[in-house]
S.K.: 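Submitted below is the structure of interest, expressed as structure tokens.
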Amino acid sequence: MRHTRNLSSRTLLFPLIFLALTFLITKDAKAQNDWTEPFPAFRIAGNLYYVGSKGLANYLITTPNGHILINSDLEANVPLIRASIESLGFKFTDVKILLISHAHYDHDAGSDMIKKLTGAKYMVMDADVPVVESGGKSDFHYGNDPAQLYPPTKVDRRLRDGDQVKLGDAVLTAHLTPGHTKGCTTWTMKVKDSGKTRDVVIVGSPNVNPGYKLVGNSLYPGIAEDYERTFQVLKSLPCDYFLGAHGSYFDLETKYPKLKAGDSTVFIDPVGYQNYVADREQAFRKELAKQPGG
Ligand SMILES: [Zn+2]
């Protein structure tokens, strides 16, 4: 009897595991396709442009003295970024400064290539510098996953919380929003549109990735406190234009067609920003409560 019962529960269990695995693999493959799928480049406001793919966000801030690029993505994305910049009438080789949202391969694997092609100065938040310069090997969570490693890239300027990056008339402020990575950075700047000055927030990432240990993490002690800090910082930032490291954070795919249809202010979304931050904070608290000792 016992044997039969075991058998029947197994026959049920295996297809379920198989289904779950298939779902995970399909979901992951979908995300990856999305990452290298081209997306039209467009002006967000003032001198700020979207030059990313469908799934990975890149921003170009243009000035008469050259340009600032945020994120380098995968190495496979570099030709896409270049084509996007050129489609707007700017020169890729005029990129003078390269910044990132955080030291994960989907935002920084192409940095070495972009530095070589443009000679741009690479400026990274200090706590992410060891990860960037080791090509991902010193990452607390993904350091042993060969699929997430990339060419080690020399950092030219180490940033600290609150530091400004200036080029021509552009000024960006680096806000340390740690947890997702130790040096995860949320960028803010001001843009002028139709005579008004507005606040831009480019969220680094408030997400707790699958498998992140929030309690008793010997490789990242204080990770939970860092997330707490991040939510405090994000809630304190004035935001008109809500942007982020992935288009999915701010509904790029829904908003872009509206922009094309004539709604020039669709990316001004302070309520969407507040809702997003609140939703991510809730997800963090839920995950923390679920973990032993959390
Ligand atoms: Zn990430």
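Not measured: the values here are computed from a predicted model. One-based numbering along the sequence shown. Whatever order the structure lists them in is the order used to number ligands and atoms, beginning at 1.
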S.K.: Given the side-chain rings of Y49 and F42, with only the six-membered ring counted for Trp, is the space between their centroids under 6.0 Å?
M.R.: no
S.K.: Between H107 (side chain) and H102 (backbone), is there a donor-acceptor pair under 3.5 Å?
M.R.: no
S.K.: Is the ring pair W35/Y105 parallel, tilted or perpendicular, if the boundaries are 30 and 60 degrees?
M.R.: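 W35 and Y105: perpendicular rings.
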S.K.: So, of the N/O/S atoms that H104 has, which is the nearest one to the Zn ion (ligand 1)?
M.R.: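 Answer by atom name: ND1.
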S.K.: Could you identify the N, O or S atom of H102 positioned closest to the Zn ion (ligand 1)?
M.R.: NE2
S.K.: Check R280, H246, H180 against N207 for a side chain to side chain donor-acceptor pair (under 3.5 Å) and give me the one that passes.
M.R.: R280
S.K.: N/O/S atom of H107 under 2.8 Å from the Zn ion (ligand 1), yes or no?
M.R.: no
